[in-house]
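Side chains included, hydrogens not; waters and symmetry mates left out as well; all remaining heavy atoms used. Remember, it's a predicted structure, so these values are computed and weren't measured experimentally. By convention in this document, chain letters (A, B, ...) are assigned in the order of the sequence lines, proteins followed by strands, and residues within each chain are numbered from 1.
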Amino acid sequence: MRALLYVQNDGTLLVQSDHPHYEALRPRLLAFAELAQRMDPIHIYRIRPISLWQAASLGSTAREILTFLRDHAAHPVPYDLQRTIAQEVAKWGRLTLHQGARERIVLRGDPESLAAARVVPEVAAITAADRSDGLVFRAAHRARVKRALASAGLPVMDHVGYQAASALSFSLREETRLRGYQEEAVRRFLRQGGEQSGVIVLPCGAGKTLVGIAVIQALGWHALVLTPSETAARQWQREFLDRTDVRPEDVSLYRPGHPVTPVTITTYQRVAAQDRRGRRRHLESLTTHPWGIVVYDEVHMLPAPLFRLAADLQGARRLGLTATLVREDGAEADVFSLIGPKCYEVPWKQLEEAGYLAAVRCVELHVPLPAAEQGRYLSAGIREQHRIAAANPAKRGVVEALLKQHAGESVLILGHYVEPLRALADALGCPLVTGTTPQPERERWFEAFRTGRIRRIALSRIANTAVDLPCASVAIQVSGLFGSRQEEAQRLGRLLRPQTREGVFYTLVSKGTVEARTAKHRQLYLVEQGYTYRVYDSHEYLPEGVDEDEAVGVPEHR
DNA sequence: CAAAAGTACC
DNA sequence: AGATCGTACTTTTG
């Protein structure tokens, strides 16, 4: 049989995506490599140190990884790469951080690793003492030490332990049932008596909030929950009240000046905020409370320069939750070092197959750029090119045709640039909701959409997180935030609430422009998760003047 | 409601 | 290869 993959010296894997065993073997591949590019039928994966540490933390050995490569590669694995893999996997656990005397922590390890750690400038700058048995730091530098070492290629296993926490007792309500994978997620996080901190990755709509609540309940300590927005914070609060018997007065949104409650919910923004004097008072007051656990909702946002201050709460167990542990700046490694390794993940498609999430089909439609735009496009700089491609006026006709085809279904129209999106919404006569739409007005539109009173709604980037519109079964993406895999995944995520009918996720791409490349890149995370994109020219998918049923390439209307 | 602060991407 | 800049967006605050 044909080989599944070709291994290159630099850790790049060329994988035959049409190989009969590809689907079955993909999870094992993803355990230590990341999908970097698609040139069908070749999928290009990259082995990165962070993925090897991650694999090691989940118990993989270098031998297993190398055996997998030997079994499926066309040629022998290059010796240098074999050595790199063995080295990187072995790094996990070589450096460990321990509690020292009096507010000190100690970095221990073999002499070689310690020597490497010693010369990392940011580490040297905060080393309190350099002893033969290890490097000593102030406990307050716990996050900084781990982050600096990880970015220098030295992952640290954190054995410092946690502060004494206040107890909190409540139960899940009788009728609150955890699904199998949710229970498994909780179990994995709590293994070793909950000593480990880490990240749980579950698709949008899979019930991450409930997993977080179940973890808090099982641990029985005071909990701080950090979310990306006030809206998300309120959703957590509501979920706590709906799903558990926790006393309502024990759960609150953080209010500066008011005493914190056993479960306190607030946003990354607020934690990071500083007052006029430059003091981060919220962070200070939240840090002093004896939390037993801090939950980081949408933890992929944590690496932002100020949001990551929220990771200074190292005295508590840390649980990160996200659907999309990817960033275009590669800062996922910060999540690994500041929160902990990924301890549980379920591929999106797997939950679809199990019937927990709606089935979604992905379609990429190429729309020609009209001649007038074509001229401007060719003489524009790269930024302007993105904008012109995104605002392609020919997309409007395609959107109209798709709306006709999906008459009677609830459709989201998603865009990045607000002005072109506004023009489109006006032309279609549908409401537009953006970040500047006042909260009450947002709620009114969302409610109208949920109840089916309106069937279409145009959304800017606010749709990327925490917008709950469960009835949507079709999304038309008219433009996106460049090559953001994160955004693509979150947007498809809007369609995953269980539906009776299959969802469709359309992406409109200006033909022959930079958009074609960015669109391909955006899709990589979802392709990793098992989704397939069908690509058509818009006229081929929606031929003018031809009845839909006769159109070539149009899947049967259901 | 406008200004300020923050994020993500190229 | 890594860093910086510029643009468009969101949330929070006064």
TODO: Show the numbers, then the answer: is there a ring-ring contact (aromatic ring centres under 6.0 Å, His included) between A:Phe336 and A:Trp92?
DONE: CA-CA 12 Å; A:Phe336 184 91; A:Trp92 181 241; 5.3 Å; yes
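Shown are A:Gln477, A:Arg522, A:Gln523; of these, the side chain to side chain donor-acceptor pair (under 3.5 Å) with A:Glu364 is made only by A:Gln523.
First and last contacting nucleotides of DNA chain C toward chain A (any atom under 4.0 angstrom from a heavy atom, 5' to 3' order): C:dG6 to C:dT13.
Classified by interplanar angle (parallel below 30°, tilted 30° to 60°, perpendicular above 60°), the ring pair A:Tyr296/A:Tyr268 is parallel.
Near DNA chain C, defined here as any heavy-atom distance below 4.0 Å, the residues from residues 417-435 of chain A are A:Tyr417, A:Val418, A:Thr434, A:Gly435, listed numerically.
Residue A:Arg534 qualifies as open at atom CZ: its count of foreign heavy atoms under 6.0 Å is 12 or below. Counting non-hydrogen atoms of neighbouring residues, nucleotides and ligands closer than 6.0 angstrom, the CD atom of A:Gln439 exceeds 12 such neighbours.
Between A:Glu284 and A:Arg279, at least one side-chain N (NZ, or NE/NH1/NH2) sits under 4.0 Å from a carboxylate O, which counts as a salt bridge. Ion pairing between A:Glu34 and A:Arg485 holds under the 4.0 Å rule for side-chain N and carboxylate O. A salt bridge is absent between A:Glu488 and A:Arg491: the closest approach of a Lys/Arg side-chain nitrogen to an acidic carboxylate oxygen does not fall below 4.0 angstrom.
To the nearest 0.5 angstrom, A:Tyr254 atom OH is 7.0 Å from A:Thr266 atom OG1. Put simply, OG1 on A:Thr324 and CH2 on A:Trp348 are 6.5 Å apart, with the number rounded to the nearest 0.5 Å.
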Task: nucleotides 3-10 of chain B: protein proximity per nucleotide (B base, S sugar-phosphate only, - neither; heavy atom, under 4.0 Å) - done: ---SSSSB
